[in-house]
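Report on the structure given below.
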Amino acid sequence: MASLDTPLGILNAAFFIAILVWLLVDSLRESRRDDDDVVLSCAPKRFSVFVVAITLVSDFVLAVFNLAFAFHEYKTRKIVSYYCVSVALTWALVTVVSAYSMKRVLREKRTWPRVLVLWWFFAAFLDSLFVSLKIVGSFESLDLLFFVSRDNIVEFVSFPLLVLLCLNAVLAFVNAGVWSKLTFQWLNPVFRKGQIQKLELSHIPSVPESETAENASSVLEESLRKQKLEDGSLTKAIARSIWKSLTLNAVFAGVNTIASYMGPLLITNFVNFLSGNYDDSSSVHYGLILAFVFFFAKTVESLTQRQWYFGAQRIGIQVRAALTGLIYSKSLSIKCGGGPTNGKIINLINVDVERIGDFCWYIHGVWLLPVQVVLALFILYRNLGFTPSMAALAVTILVMVSNTPMANRQESLHSKIMEAKDSRIKMTSETLKNIRILKLHSWESTFLRKLLQLREIERSWLQKYLYTCSAVTFLFWTSPTLVSVVTFGVCIMVKTELTAATVLSALATFRILQEPIYNLPELISMITQTKVSIDRIQEFIKEEDQKQYMIKHTLKSSDIAIEIKTGEYSWEADDQNHKKPTIQITNKLMIEKGQKVAVCGSVGSGKSSLLCCMLGEIPRISGAGIKVNGSRSYVPQSPWIQSGTVRENILFGRQMNKEFYENVLESCALRQDINMWVDGDLTMVGERGINLSGGQKQRIQLARAVYNDSDVYFLDDPFSAVDAHTGAHLFKKCLMQLLSEKTVVYATHQLEFLEAADLVLVMKDGNIVGSGKYKDLIACTSCELVQQMAAHKETIKQMNPCQEDKTKSCRPCCQIKQIEVAEVNIDKTLEEDNKHLERTKEGEAETGRVDWGVYSTFVTYAYRGAFVPIILLCQILFQGMQMGSNYWIAWATEQRDRVSKGQLIGTFVLLSGGSSIFILGRAVLMATIAVETAQRLYHEMITTVFRAPVSFFDTTPSSRILSRSSTDQSTVDTDIPYRLAGLVFALIQLLSIIILMSQVAWQVILLFLIVLAISIWYQAYYITTARELARMVGIRKAPILHHFSESIAGAATIRCFNQEKRFFSKVMALIDDYSRVAFHNYATMEWLSVRINFLFNLVFFCVLIILVTLPRSAIDPSLAGLVATYGLNLSVLQAWVIWNLCNVENKMISVERILQFTNIPSEAPSIIQDCRPEIEWPREGKIELHNLHIQYDSAAPMVLKGVTCTFPGQKKIGVVGRTGSGKSTLLQALFRVVEPSIGWIRIDDVDICKIGLKDLRSRLGIIPQDPTLFQGTVRNNLDPLEQYSDQELWEVLRKCHLAEIVRKDPRLLDASVAENGENWSVGQRQLVCMARLLLKKRKILVLDEATASIDTATDNLIQKTIREETSGCTVITVAHRIPTVIDNDFVLVLDEGKIAEFDHPAKLLQNSSSSFSKLVSEFLRRSSSQSNCQKDTV
């Protein structure tokens, strides 16, 4: 104790001075503050008067005891103990300061001064140490007199008082919130909730204000404005927005690094202590102090590491939220053409933003790397001298340099993987979007083959990447061995004395050097990738900032609604010389307020483009532009419907005005639909309106525009998707009545709607070739409109002339019952769809633990698990040989007389080299298993998905399937195998260390068992909550991506309605939902790590105490030193075990999700070998339906109810009926999209349910209502299976009047087709689908509203082509246009799933009360006025 008197006295004196300075400074500050300035805090009460009194009394008692003991020592021994005097004076001062602080503690609700708290903890630690030593040293002679003896009474009386003071301080710390943040106690309520019930989003608290999307986005926007977006400004803006958090995080990182090097620094002292022959008490005190310093350093390292990692994740959350908000706000300004594709923007969010957020984890490595190397060199120089440390530096640099090419290769291969993955995901997305079409055409197997080919390319790059990773892993594990061999070799060469202490310290240092060696290439790669991502985002931001609205839009009232001035507009504004302008306006036009303006023209003439010009969606390349006065509403040609309720789609963010709302529903013909739905206008609408018919989608978006109550309306072909009667209702009730005082510009192919317009604009080749009143344009015989009207007149002539005489008498009947000719609906009732939508609203996440079957399936998926035992054996041998080599070098250095230098280094090289070989074998086998497992899982999943029935895709959002195919598959490819293996390897390492420690003291095993039991309890308590949080993270990311996709698709509508702020607020809320789940998911991991780290640090401390207190003769110093060396990694290793244990389960959710999709029920077999039809089947095309009953689900009602009829071969049959009458169900039954419940369908006497689906569907032809084109070329859109010659392709293009359009592009058949065919008009897309059908030359054809978006003239030509080309075919037509079905051989009228009428059209027309007759009468009544007008003019 005497040897410690002076150092401890100095420490006491330092505390005395610190407390005195604080007292002087604080009293000076208080004297300058008036009493009026004192604010009584409203904070929660921290201390009661009783607690404060106990604190004061404890301080006073301790001061008296220590003063009395100091006086006693002087009186009895005539010596002045520096320690006793200093501690007595300090306690006296502490008592004074405690009394001084009572006022602030009680009245102002403040905590005790920190300097007092530090003193209490310091004194408590010293007292507990002294008490422990005295008890251990005198264990055999303990009695009551021992505790009250003169030398011991002060320590034993002080101990309970000091514990009381520390508890008091901890209570204040906890109440202040710092302790809660340090130990993550603020998560306890979430864990408690997770134990009671399954966690929901509502149970998760909000993120801190700094991480909210709105705050993070506004801070970044402000930084960007200051930077003015110059080169590199996005990087500076991000840095400026997070610099405070980043600085605090850097402090934690720096302290953690310094603390981590304390172990290697002090291990020399500890081994020297163990090697010494000291048995006196001062030596034990020294050893205990060393043990405590080790424990303190490891505790600081653990706590700062947790704060560092969690802080980095928080910064990442903030950066992701800010960038996502920034990209979203910019993406809403993307024009219809020329901007980044939907896929590119989603990639910016999914890849680039994530990568920048992840870089926050690596950012401190830039400056920590040199710090770590310098600290390591300092320790080596201190232990081994200059030359060996320089040799170690040289080898370290060499290893880093040799690692760099492999890291570059990793980066290059990773880029190749990402490119291959992008191609695969792009094709998967397009395929899933059009899966119904692929199945109807029986093309799914071809597209699956293409998808598997793309996956095979990805697999080849993945294999190379993982083998490269194996080489990097080998270098990572062998780098300490290589550095140590060279360093110790140089030591022998320069005759540096090696001892067990210096060797073990060097080995610990080399092990820490692993991290910077390994991290440098990864850091360089991450910096490069992050820079690329930042550049991509910055380019996107600049591009959108440079695109200003090309339209002057004002809200002021004016008699002129739209001013159209001369100008040129082009989708490809950046390439003005490549093509002629999309739209050319050569004459100035003024559209007055309240006018109705009709825009007409043939397919591809520029009608939609003209409307987009008025909306400012097409860049202006010359001229003065277009000015719109007043608010605007827009109805696009391709309906844009949001996920949500019908009411939400109509209100579109506006307040409910019940009376006006009802008027809108009535005028848009939605009242009948809403009454039919069980939930009315609260019926849920699926993704892209999947559960609505085309007509319903069109009318809902028309209602949305009307309810917006704007000044100017732009309607792009609003009548094409509805039947004749509904079209007339919309025109009369909506356009001419409800919008009578509004300015309306509408594009249409229905020429019967032109006469009512105040102004008609006729389009041709992007030019307005005619403008004026309808009558004036008709009067000009050379006008383009006259030619179109001639086609319309020809259509009218096709109708039965006698029917014209009946129209007047039939008019009243026409109003009685509305019959929609061909509103294509899935024909499942929306009530059924709503049930499906409820299931698809959230991800169908499993609950509870991941089943052990998932683990066993994954481990044995490749090669039936044959390589798993070999990998485990390699790891065990590696661990054993590595420990053996370390023990050998430590032991042999102390046996100089028995072991020569050559034997020493030779054996060390042999053992180290052997361990390296095993680690290489392990890494290569791991890569082999990982690739095979990932490939087999993907192959089985995607094959099962492609074999799933169409109903699966109706009820499963494509984003969910894409999530399995992209995110989950990526996790399986490169993450899960190594996480799972890492867990097993870390367990082997941990067990080996326990075994090693037990060789020194077997009692350690008992200690480990206790700590392990507590750790398992903590892990079990943790995983229940963490598992659900991990699942919620996956679920909450999808709505953000869905909202992005949905918003980008409807960006023009959102801008036109001035709804950017509302949509931005919604995405902010979605980002916050994701952020708070991710925030708490990261925090739960740190919560567990803090606790487990402390437990294992405590174990390490106890092991060191045992080593210190054991007799020197009872232990081998080299072995004990090795235990201490490996013990330094104990907390890191156990944290790695626990982290992997929890992370593996979280990651295994991806495997679970993929395996879910390998168990989807399949549709009927593609081919049934025993029941294959003849090659020429069907020859005649006769279709027989007998007692056909169809239901979509066993619990759902019948949709078709006993349909029995025969479609004669080589005849044309028209199918009409109301929505829900069963039209589409009948067509789906024909293709076996849905199987009959009762009855059968025969084609040429072959029961279609007995043959394979491929044999059936490949022999039929269909054109769906929604024309589908795939990204690629004209050639592969016409002939995806590559079965026809170019001559045959040109022939069908000519027949469908597309040849001239294709020839305009110099690439001809290789002309590009954009995603979803966006660079073709809707009408042109329908013509391509028609060409595709004619090319197949099938005997049975189904035309499902094939020409809805085609002008009358082209439609007449197409109908003529169909009649000529399908003369020997059975053609089933569902159409809105009466002329399309009027010349059919038969007309089938369905009503509520039953046959209402089935006969020749002529016979049905003779009966004026027939449903079909009423429909024709309505069409003729609507068209007669236009026809008569034309006759009079001509």
Would you please indicate yes or no on a ring centroid separation below 6.0 angstrom for Y1082 and F310?
no
Heavy atoms only: give me the nearest I976-S1150 pair and the separation to one decimal.
CD1-CB, 4.1 Å
Look only at the side chain of N649 and the backbone of Q642, and say whether a donor-acceptor pair between them is shorter than 3.5 Å.
yes
So, does T1025 use its side chain to make a donor-acceptor pair with the main chain of Y1022 at under 3.5 Å?
no
Roughly how far, to the nearest 0.5 Å, is the CD1 atom of I238 from the CG atom of L246?
11.5 Å
Assess the side chains of R1062 and Q1059: does a donor N or O sit below 3.5 Å from an acceptor N or O?
yes
Nearest heavy-atom pair of L323 and L220: which atoms, and what distance?
CD2-CD2, 3.8 Å
Any chance you could measure I363, atom CD1, to N249, atom CG, to the nearest 0.5 Å?
9.0 Å
Would you call the rings of W640 and F1063 parallel, tilted or perpendicular, where under 30° means parallel and over 60° means perpendicular?
tilted
Locate the shortest heavy-atom distance separating G325 from I1071; write the atom from each residue and the value.
N-CD1, 4.0 Å
Any donor-acceptor N or O pair under 3.5 Å, side chains S1075, R320
no
Pairwise side-chain contact, T304 with T257, heavy-atom cut-off 4.5 Å (strictly under)
no
What closest approach, in Å, do V190 and H1080 show between heavy atoms, and which atom pair accounts for it?
CG2-CD2, 4.3 Å
Taking the side chain as C-beta and beyond, is there a heavy-atom pair between H364 and W308 under 4.5 Å?
yes
Which atom names give the shortest non-hydrogen contact between T1084 and A1026, and what distance separates them?
OG1-CB, 4.3 Å
Spell out, as yes or no, whether a donor-acceptor pair under 3.5 Å connects the side chain of S218 to the backbone of N215.
yes
Value rounded to 0.5 Å, distance of OG1 in T431 from CD1 in I961:
11.0 Å
Working to the nearest 0.5 Å, report the span between CD of Q313 and CD of E1086.
7.5 Å
Approximate separation, where rounding is to 0.5 Å, of T1053 OG1 and F1057 CZ
6.5 Å
Side chain proximity check, R424 to S965, heavy atoms < 4.5 angstrom:
yes
Once rounded to the nearest 0.5 Å, what's the spacing between atom CD1 of I425 and atom CG of L451?
8.0 Å
Determine, step by step, whether E456 and Q935 satisfy the side-chain contact (heavy atoms from CB on, under 4.5 Å) criterion, reporting the C-alpha distance in whole Å, the side-chain angles of both residues, the deciding distance to 0.1 Å, and the verdict.
CA-CA 8 Å; E456 186 60 32; Q935 189 67 5; 3.5 Å; yes
Are S245 and R314 packed together at the side-chain level, in the sense that at least one heavy-atom pair is separated by less than 4.5 angstrom?
no
Does the side chain of R409 reach to within under 4.5 Å of the side chain of K464, using non-hydrogen atoms?
yes
Distance under 6.0 Å and angle within 45° of ring axis: R964 vs Y938
no
Residue pair V1067 / S1047, side-chain heavy-atom distance below 4.5 Å
no
Does CD belonging to E214 count more than 12 external heavy atoms closer than 6.0 Å?
no
Are there over 12 heavy-atom neighbours, none belonging to W243, within less than 6.0 Å of that residue's CH2?
no
Holding to ring-ring contact (aromatic ring centres under 6.0 Å, His included), I want the full list of residues that pass it with Y465, two or more places apart in sequence or in another chain.
H414
Given I317 and Y1074, is the side-chain contact (heavy atoms from CB on, under 4.5 Å) satisfied, shown in steps?
CA-CA 9 Å; I317 288 172; Y1074 172 73; over 6 Å; no
Residues passing the side-chain contact (heavy atoms from CB on, under 4.5 Å) test with A934, sequence neighbours excluded, are R455, Q969, V972, D973
Quick check: closest heavy atoms across F858 and P977, and the distance to 0.1 Å?
CZ-CG, 3.9 Å
Side chains of F359 and V319, heavy atoms from C-beta outward: is any pair under 4.5 Å?
no
Without swapping roles, check the side chain of T324 against the backbone of A321 for a donor-acceptor pair under 3.5 Å.
no
